[in-house]
Each structure stands twice: as C-alpha cells, then as structure tokens.
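Have a look at the structure below, then the notes.
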Amino acid sequence: MVRKLFIGCLIVFLISACSPLISAPVETENQSNPFSNPQINSTNDYDLNLPDQITENQVKQLLLQMTLEEKIGQMTQVEKNSIKTLDITRYYIGSILSGGGGSPYVNSINEWVKMIDGFQKEALSTRLSIPIIYGVDAIHGHANLYGATVFPQPIGLGATRNSELVREIGQATAIEMLATGTTWNFAPILAVPQDIRWGRTYESYSENTQVVTELGTAYLQGLQSIPVDLYSKPEKNIFVLATPKHYLGDGGTAFGTATQFIFKPYLIDQGDMTYDEASIRAKFLPPYQKAVESGALSIMISFSSWNGLKMHAQQYWIEEVLKGELSFQGFVVSDWGGIDQISDDYYSAVVTGINAGIDMNMVPYDYVRFIDTMKQAVENEDISLDRIDDAVQRILTVKYKLGLFESPYTDTLLMDQVGSEQHKKLARQAVRESVVLLKNDNDVLPLSKSTQLVYIAGQAADDIGIQCGGWTIEWQGKSGDIQPGTTILEGFMAGFSPESKVNYDRNGDFQDVADVGIVVVGEKPYAEGVGDANDLSLSADDIDLIERMRKHSQELIVIIISGRPMIITSAYQLADAWVAAWLPGTEGAGVADVILGDYAFTGKLAYTWPRSMDQLPINLNTTSSLDGCDAPLFSYGYGLGNAGSASIEWLNCD
C-alpha cells in the first residue's frame, strides 16, 4: 500500500506538470457505449500520452522490491491449459497465452472474460500485485473466439494494397480482443516469403518487402493506437500490444531444410536460411526497422535458423542489431518452445537463449523446469542479474504502458463490438478489395444479376471454415460451420435476381446446361509447416469438378480459395473467368459483390503466380529476365479490371 501510494503521488505530480500531453476525458453522445464508431488518431498516441519518466520511475521502484523468483516469473509465459491452480501466485507467472484453438471449454465472450479475469485475479493476489499479460494469435481477427469478425488472411489484404483498410482492421481486431480481456496480439507477421511452398505464406502480406513493411506497420498502428472516441485513460499508452514476427528471415528458409515433424514432416517451415547478411538486411530487416520506429514494443523470434544456428540463439541479430542498432526498447519473446530447439541440453538452451536477448520465454508447458533452470543458471553465474533485470524492466514497462496496473480487468463496454455490423462491413469491404481477377474472356464478368439459370458447385462455395483457413477456432482450422458469417454461396443467393434460378450441388451433379456455372475450388485449411507442400497443383477432384461443370455451363467461372497461388495451368482454358479469392474469412459474400458487379475488381497479386511447379521458388526477385514459357503465368502485381493489367497471352507450353 505504501508503494502504491508513493507511485500514485508521483503520477499525479508528473501528470500535473505535463498536462498538455494528456487528453481530458471526452463526453460522447452515446455515454453507454462510446465505441460505436471508433476512429483512429493520425498520430501514434501510445508514444505521446504518458511521459516516459513516469513509467521509468514506476518500473525502477518495482524492480527494487522484486526477488529473483518474482523476476523470473515475469519472464515466464505459460499455455492456459498447462497452468495449474494457484501456480500463477506460487511462481509469480507474468504471462498466459492461448495457442491456436486455445479457447475456454464454452467458447463465448463471457467465458473468455471469466477465464482471463480469473487468471488476472490470481496474479494480483501476489505480494507485489503485478498483473499478467494475456496473448493470442489474432492474425486475421480474434478468430479463436466464436462469434468474432474473421477478416481475410494477410495474403488477401496484401492484394488490396490499402494500408488504411489494414489499419482499420487492426483497430477492429484490438477492440474485439479487449472485449475478452486479451491485451496482446502475436501479430503482424512481417515475413517476406520467397517460396510459396511454405505453409505460412498466407500469414504474410506479400513477397515484396515494401508491401510487407507498409501493411505490417499499418496493422501494428491499428492495434496499438487508442481510438479517439474512447474515454481518455492517462495510464494507457497503447491499446493492444502488437508483436511483429518472426524475427528474422522466416520467409527465406530453403525448401528441404526443415527437420520438424508435427502430423507430417515439415519441408520448409522452421528450416534454415542461407542468405548473406547484406541480403537479409535488404529483404527481411526493413519491416522490423519500420515497426520499431512506429512503436513496436514486443517482437517474437523465429523458429528458423541462419546458417545452421537457431534464431533463438542469434545474439548478434537480437542484442546487437535489434536492441542495439535499431534501438528496440520493448521485450523479445520466444516462439512456442523455441528456446528448447537451441540444444538437446535444456540447461544450455536456456542459458544461450536468454543471453542471446530473449526476455520472455513462451515455455509453454513445463514452466517449473524453466524457472528452476533459470535460478540454477543465475546461481552458476551463467546468466547475470543484469540480464534478468534488463528483461524484466522491458516487460514491466510494456505492462505499465498497457495500463494493466491501473485497469487489469476486462472492459465490458466493448463486449457488444464483437462481431458487430460495423466490423462485418469492414471485413466485407476487405474481401471485395482483396479479390483478384485473373482471367475474363469476352468480358463474362461481371455477371448479370438477371441470369436465368445458374449452377454453383464445390464444397468451398458453402463452407465458412474453408473460407477462413488456419488459425480459426483451431490451430489448423477446419471445415464446416465453425464461425457465424456468410458463405460465397449465400452471397450469390442474395445477389442474383429473385427471378433467377440458382442451384447448388457440392459435387456438380447437374443434368441440364446453365447459362452460367460457378465452381469454387482450392485448399483445405492448414497452418504452419503442416501446410508445407511439394505440389501446389489443383487436386484431381477439383480438376474433375471443373471439367464436369464445363459440360453443364455455357459460361464458366472458377473461384479459387487458397493460401497462396496454385498451379492452374492445365485447367486454365476450361473456364471463361478465373478469380483468386484467397482466404476471405467470415464475410464470403464480398466475393459475390465483385463478381455480380456491385463493386469493381481492384485486387493485385501480392505474389508471383507460377506456371508450373518446376519454376519454384519463383518471385519478383527472380523473374525479370524470364519470358515465354519460362515466365510465370501471372506476374507480381497482376490483376484485371480496375487493377489495370492486360490479359495474358495464352501459351501452350506442354
């Protein structure tokens, strides 16, 4: 109590001395819910509100009172299902996370709040009442939560080239996270994938460093900037903590260098990067440099390696480059058990990882072993107390900037924003802008809404789970009605005229010939290395479906749902139009919006589209001198309609 009184007086004094930097509470017309139409400040408010001196003094005072055990606890992050009752208090745990699919048993807003506030209550019962910070992977909305707005995966957002849209999506995601008490998002992904066989390709915005830098920064700012119509909370500098990841070069690992096995052998994810330092600095470092300049206060390390040494052990890149050269002031967090991969000797792995600059260890399971190992390493003088204090100072600083000490529990005023009409409208806009028109012979698109007979086929036409992809309800995602929303089929059903006859059969088993056939094909949900693939060709079933629909359609449109470009060359001539819709999320009706002409096609490829598997890896860095059959099917930036590209000249390259 004495400590709190002292700090409280200090805050009052410093705020009164710096009052021009603090916004007064704002009265709104809707006092009961001031979040009905959030807007984003044009400035980085989280850098301006609370004077750094206040936070520095708070952290210094707290560090002086902490025992070694309390400090190590702050460096420990535990998966929610692994933490035992009262162990947050017993071991002073600093952070809890939900992994992919890590929801409460009953997946509802109220149960999320009950779960996280319960963890928080236990943390606050410790001697120093240091709150936990709770993290999730909300890469395309708070998609672990049933009923959340699920936005297009980042690959689709990359096709929009719309940084303001991405910023607004970051803001909406932050609001839906805070509605459940979640204050830390393990996003954005700042990878610059150079090989689309990588199962994480869809998690990144583009193969182009500049696009990743621009959109990743926009998403970060959307997460962290406090909306102007929220009541001012002087103690809160950042809205939701963003985490640019995975540092560094995870999009540049070489095919065949992965050694991980989860469900299947990985091929490229968590593999080895063999670029020289100059190439790393040119291709992969700029998004992080911009993120740090834009207020990033947490960065996650990559599972991958550089020249055989795990990034979790790369002291040069973490301590010297990130914290030194780039002046990163936040804390560095490991990936899921990433420190364990440094060495088979756990003690050596922990010592190496912490000394390399990792401040918080996502354990995620056996936290007691980690805590005991840390204490032993300090006793052996293999990890210095200065290194511990540096890590804890960084973590506590972020907790203060999040306002967790003053407002540790969930803000219930935000709960009605989860899955709100405003957020769904934003998601549908994102879908429309992400769709890329690849082929449009004889201007078959947009379709007439008064078309008399329409046949629609393909499981993906009426499957929310396939639309959303991985990191949705479950780590790997799954097919089916896993989230509320609109499917592509529902968009067409609502979009065509009531006089039109629209028939759907998943398998395309039709008898007559329709005026228009629409077939939706592509990939089933996956995540991380489980999605690594040595063949990106459309499946035999998808080819058969396209051929079947061709026989029953005067004009045929193919829509591809996928997390990366696919090999479509053998089926290209079967359809009059091809549309890449990526992984649109819960508002699949946005795909119908552009196909039916309510909105123009504006999307541009954020990745090079190969003609054949033999061309991989292929990207904008390797295609400038290629022509004819050696060139990709569609070049980076390609898109018909208002995107401005000219139709490709078909080449028979068999």
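- Atom CG of Asp481 sits in a sparse spot, with 12 or fewer heavy atoms from other residues, nucleotides or ligands closer than 6.0 Å.
- No donor-acceptor pair closer than 3.5 Å links the side chain of Tyr607 to the backbone N or O of Ile196.
- Of the possible donor and acceptor atoms, none in the side chain of Ser562 sits under 3.5 Å from a partner among the backbone N and O of Pro565.
- Between Arg506 and Asp463 no salt bridge is recorded (no basic side-chain N to carboxylate O distance below 4.0 Å).
- Crowding of Lys264 atom NZ: a count of heavy atoms from other residues, nucleotides or ligands under 6.0 Å exceeding 12.
- Annotation for Val240 and Leu178: closest pair CG2-CG, 3.5 Å, computed over non-hydrogen atoms.
- Ring geometry for Trp578 versus Tyr572: interplanar angle under 30°, hence parallel rather than tilted (30 to 60°).
- Of the options Glu207, Glu523, Glu203, a salt bridge (Lys or Arg N to Asp or Glu O under 4.0 Å) to Arg564 is made by Glu523 and by none of the others.
- Proximity of a side-chain donor or acceptor of Lys80 to a complementary backbone N or O of Ser103 within less than 3.5 Å is detected.
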Before you tell me yes or no, could you show the steps for Arg611 and Gln615 under side-chain contact (heavy atoms from CB on, under 4.5 Å), namely the whole-Å CA-CA distance, both residues' side-chain angles and the distance that decides it to 0.1 Å?
CA-CA 7 Å; Arg611 186 181 301 272; Gln615 295 179 322; 3.4 Å; yes
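- Residues Tyr134 and Thr180 have side chains that never bring a donor and an acceptor to within less than 3.5 angstrom of each other.
- In this model, no donor atom of one side chain and acceptor atom of the other lie less than 3.5 Å apart for Gln422 and Ser420.
- Judged by distance alone, with hydrogens and angles left aside, the side-chain atoms of Glu587 form no donor-acceptor pair with the main-chain N or O of Lys425 at under 3.5 Å.
- Side-chain atoms of Glu79 and Trp336 include no donor-acceptor pair closer than 3.5 Å.
- At a threshold of 4.5 Å between non-hydrogen side-chain atoms, the residues Thr569 and Leu633 count as touching.
- Taking the side chain as every heavy atom from C-beta outward, Phe510 and Asn503 approach each other to under 4.5 Å.
- If you check the side chains of Gln270 and Thr253, you find no donor sitting under 3.5 Å from an acceptor.
- A side-chain donor-acceptor contact under 3.5 Å links Gln429 and Glu433.
- A donor and an acceptor atom, one from each side chain of Asp515 and Thr451, are nowhere located under 3.5 Å apart.
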Test side-chain contact (heavy atoms from CB on, under 4.5 Å) applied to Asn534 and Arg197, step by step:
CA-CA 6 Å; Asn534 55 18; Arg197 291 174 290 186; 5.5 Å; no
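- Under 4.0 Å is where a charged nitrogen must lie from a carboxylate oxygen, and between Asp593 and Arg428 at least one such pair does.
- Between Glu164 atom CD and Ile169 atom CD1 the span is 10.5 Å, to the nearest 0.5 Å.
- A donor-acceptor pair under 3.5 Å links the side-chain atoms of Asn185 to the main chain of Ala138, judged by distance alone.
- The number of heavy atoms from other shown groups lying within 6.0 Å of CD (Gln573) is above 12.
- Between the CD1 atom in Ile139 and the CD1 atom in Ile189 there is a gap of 4.5 Å [rounded to 0.5 Å].
- Proximity of a side-chain donor or acceptor of His552 to a complementary backbone N or O of Val513 within less than 3.5 Å is not detected.
- Side-chain atoms of Trp475 and Asp137, non-hydrogen and from C-beta on, never get closer than 4.5 Å to each other.
- Around atom NZ of Lys604, no more than 12 heavy atoms belonging to other residues, nucleotides or ligands sit under 6.0 Å away.
- Using cut-offs of 30° and 60° on the angle between ring planes, the pair Phe634 and Trp609 is perpendicular.
- Within the 4.5 Å cutoff, the side chain of Ile488 has no heavy atoms near those of the Asp462 side chain.
- No side-chain donor from either of Ser539 and Asp541 sits under 3.5 Å from a side-chain acceptor of the other.
- A donor-acceptor contact closer than 3.5 angstrom is absent between the side chains of His140 and Thr173.
- Taking OG1 of Thr201 as the reference point, atom CG of Asp532 lies at 8.5 Å (rounded to 0.5 Å).
- Formation of a donor-acceptor pair under 3.5 Å by the Ser500 side chain with backbone atoms of Phe496 is not found in this model.
- Using modelled atom types, one side-chain atom of Ser448 and one backbone atom of Ser450 make a donor-acceptor pair closer than 3.5 Å.
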As a quick check of understanding, evaluate salt bridge (Lys or Arg N to Asp or Glu O under 4.0 Å) for Asp598 and Lys449, giving each step before the final call.
CA-CA 10 Å; Asp598 291 329; Lys449 292 184 179 181; 2.5 Å; yes
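- Annotation for Gln210: atom CD does not count as buried by contact number, only 12 or fewer foreign heavy atoms lying within 6.0 Å.
- One distance of note links CG of Leu190 with NZ of Lys245; it measures 10.5 Å at 0.5 Å rounding.
- At a threshold of 4.5 Å between non-hydrogen side-chain atoms, the residues Leu223 and Gln171 do not count as touching.
- In this structure, the separation between CG on Leu220 and CG on Leu241 is 8.5 Å, given to the nearest 0.5 Å.
- Annotation for Gly465 and Pro525: closest pair O-CG, 3.6 Å, computed over non-hydrogen atoms.
- Between the Asn619 side chain and the Gln194 main chain, a donor and an acceptor come within less than 3.5 Å of each other.
- Surrounding CG of Asn442 are at most 12 heavy atoms belonging to other residues, nucleotides or ligands under 6.0 Å away.
- Under 3.5 Å, the side chains of Trp112 and Thr182 contain no donor-acceptor pair of N or O atoms.
- With rounding to the nearest 0.5 angstrom, the OG1 atom of Thr608 is 10.0 Å from the CG atom of Leu616.
- Screening Tyr202, Tyr205, Trp582 for a side chain to side chain contact (heavy atoms under 4.5 Å, CB included) with Gln153, the sole residue that qualifies is Tyr202.
- When atom types are taken as modelled, the side chain of Asn642 and the backbone of Ala600 share no donor-acceptor pair closer than 3.5 angstrom.
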